[in-house]
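Every number for a ligand or one of its atoms is a count from 1 in the order of the listing.
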Amino acid sequence: MTYDDNIVALATPSGAGAIAVVRISGPDAIVIADKVIRPVRRKDLLKQKTHTLHLGHIVDGEKVIDEVLVSLFKGPNSYTGENTVEISCHGSTYIQQQVIQLLLRTGCRMAQAGEFTLRAFLNGKLDLSQAEAVADLIASDNEASHQIAMQQMRGGFSNEIAQLRIELLNFASLIELELDFAEEDVAFADRAQFRELLDRIERVLKRLIDSFATGNVIKNGIPVAIVGEPNVGKSTLLNALLNEERAIVSDIAGTTRDTIEDELVIGGIGFRFIDTAGIRDTQDVVESIGIRKTFEKMEQAQVVVYLIDSLQFTVHNSTVALKNEIEKIRNQFPLKPLVIVGNKSDKLSEQEINHLESEIPGILLLSARANIGVEELKQTLLSFVNTGALRNNETIVTNTRHYDSLLKALEEIQKVNYGLQMNLPSDLMAIDIREALYHFGEITGQVTNDELLGNIFANFCIGK
Ligand SMILES: Nc1nc2c(c(=O)[nH]1)N(C=O)[C@@H](CNc1ccc(C(=O)N[C@@H](CCC(=O)O)C(=O)O)cc1)CN2
Ligand SMILES: Nc1nc2c(ncn2[C@@H]2O[C@H](COP(=O)(O)OP(=O)(O)OP(=O)(O)O)[C@@H](O)[C@H]2O)c(=O)[nH]1
């Protein structure tokens, strides 16, 4: 598929900067650049080789807009697969506008979000999952998400899927060939070999599907709710975790009215902390809204940190109410990891520490204000995440679309496998194999439609 129009967009972020890069792609990219660029040395841009860099002036009629560097890429040897020119100008917003306006008047139109990468995909420069990885790569802000996006962009995931697809396709052809000889009852496809392949595909699909739990965590971070009565030190703990004065700390009970979210990276994994209003019963309308929100946040969270003020549970105080409260949360969210944290341990005697640790087994005592034991809490949080796949450099699925296709492919493969064991007629199996192939193709983009592409690329930035 080739386009006949030429697109232009700013490739660097909007706003002033040292240098701004304006990118043109399309059949006439170099011709258009030639009309507005006066090279300093080699006069004819059209005659220059691909992947060369030229100093010149960009001119609007007689007016010189800027001194620029121009990079030439000749299709199909470019990112998009088309002729591409990049103009690096001085990063003033005025110059950026003038250059883009000029190019729009000289035969370009404004690129849509993700259109350069869409063209790269349609020109076969990368497959769909690689194109999606480009967006993930740009969005990556920690080691884990970067590693996964990079691996996927370089084709790790696609290769795995493409390989299985080819092997399955070979069998599909053999099975379909049998259909042509239905009368004669011949079998071209070796059933034992086919069985082996289906089992192997099933194992790979299951591994990829399982990896999504990790992938999702890496991509979106783990939401952690910090809950507790007013004044136990939620805001102070959040600040200690984030090492910054983000939430408001005060002596007045119930000052954390709204939820504040902030992210922290521990061991390459993002944790999103949700500081919530307390869960104390109250008549105060504003606070009761806060309490409802707290339960909602616990619902959304993957891990709940239940924070108490240890000073309220020293030797002479009863822990019955506290144990009930913990029980209540455990019953409400039976599957959610719950960490009981006793704050203000800096004011506890050894005896009080022992008392609390025996009363509330597993309690983690720390002092948010004195920053004692906060690191231990971080490690506890990390222990809830399975990062094995990441360490072993295995393919990790992070994309919901891929996950859905993998689930559907697995379902079809299991049908085929069942059919094979039940000795079902080849024509029935052939249908299920085609379905499985279809879902493999969805991932890499052999199977696609305009709506799907629209959805994917609309989430890219303009200029990518
Ligand atoms: N200035 C600039 N930096 C950039 C990009 C870009 O387009 N421009 N990229 C993207 O946005 C990324 C780099 N990706 C690229 C991928 C392929 C080609 C390219 O020219 N490919 C040709 C030639 C390969 C070769 O020299 O052998 C090809 O595939 O045929 C360029 C950039 C990140 N940095
Ligand atoms: N001794 C001691 N005091 C602490 C510690 N952590 C917090 N505090 C104090 O406890 C009080 C309440 O702290 P906050 O962080 O505002 O408590 P909160 O739970 O967010 O309170 P609300 O906003 O009212 O829900 C403040 O005076 C803190 O200085 C600690 O580790 N040791």
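Between V99 and C89, the shortest heavy-atom contact is CG2-SG, 4.4 Å.
Protein heavy atom at the shortest distance from atom 15 (C) of ligand 1 is Y79 CD1, 3.9 Å.
Within 4.0 Å of atom 34 (N) of ligand 1, not a single protein heavy atom is present. Protein non-hydrogen atoms do reach within 4.0 Å of atom 6 (C) of ligand 1. Closer than 4.0 Å to atom 28 (C) of ligand 1 lies at least one heavy atom of the protein. The protein reaches atom 19 (C) of ligand 1 closely, with a heavy atom under 4.0 angstrom from it. Using a 4.0 Å threshold on non-hydrogen atoms, atom 3 (N) of ligand 1 does not count as touching the protein. Remark: atom 10 (C) of ligand 1 lies closer than 4.0 Å to at least one protein heavy atom.
If you check the side chains of S405 and Y438, you find no donor sitting under 3.5 Å from an acceptor. No hydrogens or angles considered: a donor-acceptor pair under 3.5 Å links the side chains of D28 and N6. Remark: the N239 side chain and the T236 side chain contain no N/O donor-acceptor pair separated by less than 3.5 Å.
Those atoms of ligand 1 that come under 4.0 Å of a heavy atom in N77, given as number and element, are 20 (O), 22 (C), 28 (C), 30 (O). The E86 neighbourhood of ligand 1 comprises atoms 1 (N), 2 (C), 6 (C), 7 (O), 8 (N), with distances under 4.0 Å to a heavy atom of that residue. In the vicinity of K464, heavy-atom distances shorter than 4.0 Å reach the ligand 1 atoms 10 (C), 11 (O). Each of the following atoms of ligand 2 lies closer than 4.0 Å to a heavy atom of V232: 19 (O). Proximity to S367 (heavy-atom distance under 4.0 Å) selects the following atoms of ligand 2: 30 (C), 31 (O), 32 (N). Atoms of ligand 2 lying under 4.0 Å from any heavy atom of T236, numbered from 1 in the order shown and given with element: 6 (N), 7 (C), 13 (O), 14 (P), 15 (O), 28 (C).
Between R119 and D5 there is a salt bridge, since a side-chain N of the basic residue sits under 4.0 Å from a carboxylate O of the acidic one.
If you look at D346 next to ligand 2, the close heavy atoms, those under 4.0 Å, all belong to the side chain. Contacts with ligand 2 closer than 4.0 Å are made by side-chain heavy atoms of K347 only, the backbone lying farther away. At a heavy-atom distance under 4.0 Å, only side-chain atoms of F73, from C-beta outward, approach ligand 1. Contact annotation for N343 and ligand 2: only side-chain heavy atoms (C-beta onward) come within less than 4.0 Å of the ligand.
Residue L366 has no N or O atom closer than 3.5 Å to an N or O atom of ligand 2. In terms of N/O distances under 3.5 Å, ligand 2 is not approached by P230. Between S345 and ligand 2, no N or O atom pair is found at a separation short of 3.5 Å.
Ring geometry for F460 versus F457: interplanar angle of 30 to 60°, hence tilted.
Put simply, CG on L377 and CD1 on I226 are 7.5 Å apart, with the number rounded to the nearest 0.5 Å. In this structure, M298 CE and I329 CD1 are separated by 4.5 Å, a value rounded to the nearest 0.5 Å.
With hydrogens and angles ignored, the 3.5 Å screen pairs no side-chain donor or acceptor of E115 with any backbone N or O of I462. At distances below 3.5 Å, at least one donor-acceptor pair connects side-chain atoms of N83 with backbone N or O atoms of P27.
Atom CZ of R105 sits in a crowded spot, with more than 12 heavy atoms from other residues, nucleotides or ligands closer than 6.0 Å.
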task: Assess whether salt bridge (Lys or Arg N to Asp or Glu O under 4.0 Å) is satisfied between E299 and K336, documenting all intermediate values.
output: CA-CA 9 Å; E299 188 89 55; K336 211 157 278 200; 5.3 Å; no
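For the residues H51, M153, R23, the heavy atom positioned nearest atom 26 (O) of ligand 1 is part of H51.
Residue-ligand proximity: A368 is placed with a non-hydrogen atom under 4.0 Å from ligand 2.
Proximity of the aromatic rings of F157 and H402 is defined here by a centroid distance below 6.0 angstrom, and this criterion is met.
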